There are 2 protein chains.
Amino acid sequence: MKKHPTIYDIAKKADTSTATVSRVLSNSDYPVRSELREKIKKVAKEVNYIPNMIGRQLKTNNSMTIGVIIPSITNPFYSSIVLGIEDIARSRGYHVFLCNSHRSPQLEEEYLKTLFEKQVKGLIVSSISPDKNLLGALVQKDLNIVAFDQTIEGLNSSQIHFDYRKGGYMATEYLIKKGHRKIALISSPLTRPSRISVYKGYLNALENYNIEIDKSLIQIASREYEEFERSYEFRNGIELTRNLLKCSELPTAVFVCNDMTAFGVMNELNKQGINVPEQISVMGFDNIEFSEMITPPLTTVQQPDYEMGKLACNLLLDQLDGKIVENVDIMLQPRIVNRSSVLDLESSLLKN
Amino acid sequence: MKKHPTIYDIAKKADTSTATVSRVLSNSDYPVRSELREKIKKVAKEVNYIPNMIGRQLKTNNSMTIGVIIPSITNPFYSSIVLGIEDIARSRGYHVFLCNSHRSPQLEEEYLKTLFEKQVKGLIVSSISPDKNLLGALVQKDLNIVAFDQTIEGLNSSQIHFDYRKGGYMATEYLIKKGHRKIALISSPLTRPSRISVYKGYLNALENYNIEIDKSLIQIASREYEEFERSYEFRNGIELTRNLLKCSELPTAVFVCNDMTAFGVMNELNKQGINVPEQISVMGFDNIEFSEMITPPLTTVQQPDYEMGKLACNLLLDQLDGKIVENVDIMLQPRIVNRSSVLDLESSLLKN
DNA sequence: CTGTTAGCGCGTTCAC
DNA sequence: GTGAACGCGCTAACAG
């Protein structure tokens, strides 16, 4: 375990100074005699020189690294976002330091501190913490932040929103236009702005089409995520479906707050011998990769996860590079993805 | 954007020296008068001090960070592994720098260099690159490596293997014991040791039970992953199933090289009006989280992804902490996960 | 117990 | 064009 060569070693071997070596090896545009330049490069290659970024960072105070905090990489929605972030970061010479908060406020705070200690200058975050004090304090300290997924009120940062209400509205309207009137809702607890908005969209659509709201058709989970819990949503879907099936009048369609929960719904319906979509239609939300893989392929609302990641990262890097000074707010739009889990009651009635 | 306070600022304010401040704030066990200790802590809190890890790293030459290289976080098998790695790393005070190679050798090499530049002292890697020279060179430079998933020949590193052959054997044997004789195999191209081993396991089992090998039942993809390609495996499953269905005698069961491909298989069978498992049974491999969510829930071979990540990380950190000096080789064992996608021909015959 | 000092590896003045 | 010298923030060695 011998020490790695530094620019000092190279300077000695190439019979020059560390300054010149640095100028050559860090691709500076400082003028250096081309003969000498080549010699230095040659020696560097000979000794298998690998620059020590720690030294450079300390000097330049620029880590070229951004932080990303998400609930869990295990959730395909977030992993797609991270992929988008990474692709852009890489293409622009930045690196990504990824943190899974596991929906734990403590862990989120811990990671926030770590990122800051590691001299990250930018942050893309889906925050779970109700306490925005730390985040706010960091913004003061010249940390650029782009928030997504979960809107953060009163924080001096850029935000990427998604029109959840409209998504909820469009999904419900889609079902209505397919002739459904008894449309159930299955949702995770309404503890976050995004979920509340989807819920509102559902109510708005029913209202707009003069469909009476039947509370027995609305199943909302009471138990929130445990921290670190896995496949919570899937099991939620199963449980809520059981509750739903207990009501006397079965719905003809179910709108589910996200695809993962919808998998649980379809699983349970199937177990109970109820065919999707023949007996009950299922509409999801998110359009994660697996939605098209299940049987029947899930009709759902597209949330542009990968694009969202790219957008967030470009935004952040533009800020870091000084191309943007103002904070920006962007609202991404939903889109219906038409597959096979929803029955068209109109046309199926015609057939009969 | 004013400069962040450093230990120097604190020393000035607390009327002491940087050395003492460092001793207090870095939780050194060096003796400091408790009165002074408290004063320093108080001042640090006042100015909202956050240590600059870059400075510490440069001095101590210890980044407390390990690198992880995997094909893609988007694949749930790898995301589970990463989760396991992270959980252990965090509990032991380390951080993880994650890299998605997207199965691109160039990108893998680029990340390898980056990790080294960032002074990572340990690496957990599922390498895709056929050229192990760079990896080998880095091992020489006091970089500890734990390889998993893809075995690396002749590399001075610890390795975590999985008994793919045995897994393939067990899966096939399981089908045989359920009364299946016409057992098809659907596999990604045999371009990696793991896949070849699964294939061998399949052949071994058939041989052992004196079942003649029918080449028309063996469908192996000819096209390899494109770099950066997504849902390749799913589409592979669809395509290979189509090919399979063209053969005159349909199998009673299909063994698929991984769960994601199995989803494609089930999808296509369904589309062709073939019931799983009533007409054709499907056996997967990996047991990713979604296997239990589809309909019917997939019977498969468990590869302990999360545990594998934890094991790999503990191993690496033990090496870094000097608790282990020797390289170790571990062979993890497969386990059948019994769900509903395989029909028991024996008992179903009894019923008729 | 505490302070002074000397680097860790690098990029950047500022002279020459 | 080039090199000597300094300092980024921190810890370790040593002296007191």
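Chain naming here is simple, since letters A, B, ... match the order of the sequence lines and numbering starts at 1 in each. This one's a predicted model, so the numbers in the text were calculated from it and none came from an experiment.
- Phosphate contact (OP1/OP2 of C/dG9, side-chain N/O of A/Y49, threshold under 4.0 Å): absent.
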Distance-only donor-acceptor pairs under 3.5 Å for side chains of residues 74-86 of chain B, two or more places apart:
from	atom 1	to	atom 2	distance (Å)
B/N75	OD1	B/F77	N	2.9
B/Y78	OH	B/D149	OD2	2.4
B/S79	OG	B/P76	O	3.2
B/S80	OG	A/R230	NH2	3.0
B/S80	OG	B/P76	O	3.3

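- Over its full length, the helix from C/dC1-D/dG16 to C/dC16-D/dG1 turns its helical axis through 40°, comparing axes from the five pairs at each end and rounding to 10°.
- Contact annotation: B/R56 side-chain N/O to D/dG9 OP1/OP2 distance is not under 4.0 Å.
- Side chain of A/S63 to main chain of A/Q119: a donor-acceptor pair is present (N/O by atom type, distance under 3.5 Å, no hydrogens or angles).
- No donor-acceptor contact under 3.5 angstrom links the side chains of B/S104 and B/S101, judged on distance only.
- When all heavy atoms are compared, the tightest approach of A/E117 to B/I50 is CG-CG2, 3.6 Å.
- Counting only distance, with no hydrogens or angles, the side chain of B/N52 and the backbone of B/I54 share a donor-acceptor pair below 3.5 Å.
- When only modelled atom types and interatomic distance are considered, B/K118 and A/T65 share a side-chain donor-acceptor pair under 3.5 Å.
- Applying the side-chain contact (heavy atoms from CB on, under 4.5 Å) rule to B/K45 yields no partners; only residues at least two apart in sequence or on another chain are considered.
- Only one option out of B/L115, B/L316, B/I88 pairs with B/I66 in a side-chain contact (heavy atoms from CB on, under 4.5 Å); it is B/L316.
- Looking at B/R23, its side chain comes within 3.5 Å of the base of C/dG3 through a donor and an acceptor atom.
- A straight line from CD of B/Q57 to C1' of D/dT11 spans 13 Å, rounded to a whole angstrom.
- Checked by atom type, the side-chain pair A/N314/A/R92 shows a donor-acceptor distance below 3.5 Å.
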Find every protein N or O atom lying less than 3.5 Å from an N or O atom of nucleotides 5-7 of chain C, and list the pairs.
from	atom 1	to	atom 2	distance (Å)
C/dG7	N2	B/K59	NZ	3.3

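- With rounding to whole Å, A/I54 atom CD1 is found 13 Å from C/dG11 atom P.
- Taking the six-membered ring for Trp and thresholds of 30 and 60 degrees, A/H95 and B/F97 have ring planes more than 60 degrees apart, a perpendicular arrangement.
- For D/dT2, neither phosphate oxygen OP1 nor OP2 lies less than 4.0 angstrom from any side-chain nitrogen or oxygen of A/T20.
- A salt bridge links A/K42 to A/E46: one of the charged nitrogens lies within less than 4.0 Å of a carboxylate oxygen.
- For the 3.5 Å distance criterion, the side chains of B/D9 and B/Y49 fail to qualify, holding no donor opposite an acceptor.
- Within residues 6-17 of chain A, the residues that place at least one heavy atom under 4.0 Å from DNA chain C are, in residue-number order, A/T6, A/I7.
- Which of D/dG9, C/dT2, D/dC10 sits closest to the side chain of B/P51 comes down to D/dC10.
- Atom-to-atom, CG of A/N62 to P of C/dT12 comes out at 11 Å; the value is rounded to the nearest Å.
- Shown for residues 33-41 of chain B: no residue has heavy atoms falling under 4.0 angstrom of DNA chain D.
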